[in-house]
Amino acid sequence: SQSITPATLAVSVATAGMTAGFCQGTVIVTYNNGTNSSTSVNIPVWVDIAATSLLTVTPPFGFGVVTATSGSSALISSQISINSTDGSALRFSATASTPNAPTTWLFLGSSSGTTQQYLQVQISPSGLPVGTYTGSITISASTAANLPSGALTIPVILTVSANTTV
């Protein structure tokens, strides 16, 4: 399709039916550079097809850095997408940790589940004094082969600021 630069090109690989191992191909981008209407760039692509379905964890952009006002009781909600590389159902577990905080402020909607789903995350600044608090969410696959690098820990930083009136 036609677009004006700068542009973003999204490429995906349909892995269904492919055998495990490294596969390679080429993405060919043809564009008009202003002087030649048919300029092409070849972009090599290598894909490692996993023999086992892998757990994928995708927090939303900007996840993990949260600001709240002291005295607020409003819950701050978000979600983390948990899927598998081939769409199969994989089991996972999740825990939230808020060490050294005067009260628990990071909560999960569930401590386990099966892909494809969203893990609900809630942050409650209620009862926390002004300050910065560090927590984390740890996600593990029920079968180690589905997350070969081991458990994934996502840091969460909550800053509670003073209520100011201007």
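Keep in mind that the numbers below use all heavy atoms, side chains included, and drop hydrogens, waters and symmetry copies. Quantities reported herein were computed from a predicted structural model and do not represent experimental measurements.
Take Ser78 and apply the side-chain contact (heavy atoms from CB on, under 4.5 Å) test, not counting sequence neighbours, and it matches Pro60, Phe63. With sequence neighbours excluded, no residue forms a side chain to side chain donor-acceptor pair (under 3.5 Å) with Thr56. For Ala145, the side-chain contact (heavy atoms from CB on, under 4.5 Å) criterion is met by Thr52, Thr143, not counting sequence neighbours.
The two residues Thr138 and Ala151 make their nearest non-hydrogen contact at CG2-CB, 3.8 Å. Heavy-atom minimum distance, Leu158 versus Ala68: CD1-CB, 4.1 Å. Between Ala89 and Thr114, the closest heavy-atom pair is CB-CG2, 3.5 Å. The minimum heavy-atom distance linking Pro148 with Asn146 is given by the pair CD-C, 3.7 Å. Residue Asp86 comes nearest to Ser53 through the heavy atom pair OD1-OG, 2.7 Å, listed as atom of the first residue, atom of the second, then distance. The two residues Pro125 and Val160 make their nearest non-hydrogen contact at CB-CG2, 4.5 Å.
For the pair Leu55/Ile139, a side-chain contact is recorded, criterion being any heavy-atom separation below 4.5 Å from C-beta on.
The main-chain N or O of Ser111 is never found under 3.5 Å from a side-chain atom of Thr95 such that the two would form a donor-acceptor pair. Panel note: side chain Gln116, backbone Ser84; a donor-acceptor pair is recorded below 3.5 Å. The backbone N or O of Trp105 lies less than 3.5 Å from no partner atom in the side chain of Gln122, so there is not a single donor-acceptor pair.
Hydrophobic clustering (side-chain heavy atoms under 4.5 Å, transitive across Ile, Leu, Val, Met, Phe, Trp, Tyr) keeps Ile157 apart from Ile80. Under a hydrophobic clustering in which Ile, Leu, Val, Met, Phe, Trp and Tyr are joined whenever their side-chain heavy atoms come within less than 4.5 Å, directly or via other members, Tyr118 and Leu106 fall into different clusters. No continuous path of ILVMFWY side-chain contacts below 4.5 Å connects Leu54 to Leu152, so the two sit in separate hydrophobic clusters. Taken together through direct or relayed side-chain contacts under 4.5 Å among Ile, Leu, Val, Met, Phe, Trp and Tyr, Val66 and Leu75 form parts of separate hydrophobic clusters. Neither Phe107 nor Ile154 shares a network with the other; the hydrophobic side chains, linked directly or stepwise wherever heavy atoms of I, L, V, M, F, W or Y lie under 4.5 Å apart, form separate groups for each.
The closest side-chain donor-acceptor pair between Ser112 and Ser93, if any, does not fall under 3.5 angstrom. Using modelled atom types, one finds no donor on one side chain facing an acceptor on the other under 3.5 Å when comparing Thr26 with Asn42.
To the nearest 0.5 Å, atom CD1 of residue Ile82 and atom OG1 of residue Thr115 are 9.0 Å apart. Here CD1 of Ile123 is found 10.0 Å from OG1 of Thr67. Values are rounded to the nearest 0.5 Å. Rounded to the nearest 0.5 angstrom, Ser110 OG and Gln120 CD are separated by 10.0 Å.
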Derivation and outcome, side-chain contact (heavy atoms from CB on, under 4.5 Å), residues Val57 and Leu147: CA-CA 10 Å; Val57 178; Leu147 197 56; 5.6 Å; no
side-chain contact (heavy atoms from CB on, under 4.5 Å) between Tyr133 and Thr98, intermediate numbers included: CA-CA 8 Å; Tyr133 302 92; Thr98 55; over 6 Å; no
